[in-house]
Amino acid sequence: MTEEVRFINNLAVVLRLGRPLLPSLRNLRASCRDSSCLPAYDAMIDRVDKGAEFTDVLGDYPQLCSRSSLALLKAGRGTSCHGAKRPPRPPRGRAPRSGAWGPPRGVVAQGGPKVGSGL
């Protein structure tokens, strides 16, 4: 596996799990197997440490991130896909007595009476 594939795969996992970026980049650098990619990790760590975007320096290191991978990373950042979260799940269990989860008994959601109510 090339260092680029390992980097992109691990970055996807980091983003999906919501892990802090700076410690994650440091861990990726520590486990890097290709010494020619170490300057790229150092540059990314330096950018993130200063509060800037780590993707700004990746164009200078094609051995770690190809132009197509970099374009996808920047496109995801521009659409804020990296920060997308799922909506909260509805509560499980019984509905409260106030009927807050639906219309009162005897009323259909569209507003008419139930079929067979004698009207």
Side-chain angles (χ1 to χ4, degrees):
M1 177 183 314
T2 67
E3 188 65 26
E4 179 184 9
V5 172
R6 192 176 84 71
F7 169 70
I8 296 297
N9 183 41
N10 287 333
L11 184 64
V13 171
V14 164
L15 293 174
R16 188 177 323 121
L17 294 176
R19 303 291 302 160
L21 187 58
L22 189 57
S24 299
L25 287 173
R26 287 183 178 140
N27 289 336
L28 287 174
R29 186 197 184 285
S31 64
C32 180
R33 298 179 190 124
D34 185 357
S35 61
S36 68
C37 294
L38 292 178
Y41 283 112
D42 291 335
M44 285 188 291
I45 290 168
D46 185 52
R47 293 290 293 176
V48 171
D49 199 29
K50 292 179 180 175
E53 297 287 336
F54 74 96
T55 55
D56 294 343
V57 297
L58 285 178
D60 298 334
Y61 302 98
Q63 70 272 24
L64 184 62
C65 188
S66 66
R67 288 179 12 183
S68 57
S69 297
L70 180 58
L72 289 172
L73 282 172
K74 288 186 175 186
R77 181 188 70 204
T79 59
S80 72
C81 291
H82 299 317
K85 294 187 178 182
R86 292 182 179 174
R89 297 181 88 178
R92 293 189 170 197
R94 296 177 52 176
R97 290 185 182 250
S98 64
W101 287 359
R105 289 187 174 180
V107 177
V108 177
Q110 289 81 19
K114 282 187 175 181
V115 176
S117 62
L119 296 176

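All values below come from the heavy atoms of this structure, side chains included, with hydrogens, waters and symmetry mates left out. In this chain, residues are counted from 1 in sequence order.
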Let me check something: any side-chain donor-acceptor pairs from residues 18-27 under 3.5 Å, sequence neighbours excluded? List them with distances.
{"residue": "Ser24", "atom": "OG", "partner": "Pro20", "partner atom": "O", "Å": "2.7"}
{"residue": "Asn27", "atom": "ND2", "partner": "Pro23", "partner atom": "O", "Å": "3.4"}

What residues form a side chain to side chain donor-acceptor pair (under 3.5 Å) with Tyr41, not counting sequence neighbours?
Glu3
Taking all non-hydrogen atoms of both residues into account, name the closest pair between Tyr61 and Val57 and its distance.
CD1-O, 3.2 Å
Straight-line distance of Leu58 CG to Phe7 CZ, nearest 0.5 Å:
5.0 Å
Pair listing, salt bridge (Lys or Arg N to Asp or Glu O under 4.0 Å) test, anchored in residues 36-52, at least two apart:
Arg29-Asp42, Asp46-Lys50, Arg47-Asp56
Residue list, side chain to side chain donor-acceptor pair (under 3.5 Å) with Ser66, at least two apart or on another chain:
Glu4, Ser68, Ser69
Spacing of Leu64 atom CG and Ser36 atom OG [to the nearest 0.5 Å]:
8.5 Å
Report the hydrophobic cluster partners of Val13, with the cluster defined as I, L, V, M, F, W, Y residues connected by side-chain heavy atoms closer than 4.5 angstrom, directly or transitively.
Leu17
What is the distance from atom CG of Leu11 to atom CG of Leu28, rounded to the nearest 0.5 Å?
7.5 Å
Between Cys65 and Ile8, which heavy-atom pair has the shortest distance, and what is it?
SG-CD1, 4.3 Å
Taken in chain and number order and not counting sequence neighbours, the residues that satisfy side chain to side chain donor-acceptor pair (under 3.5 Å) with Ser31 are Arg6
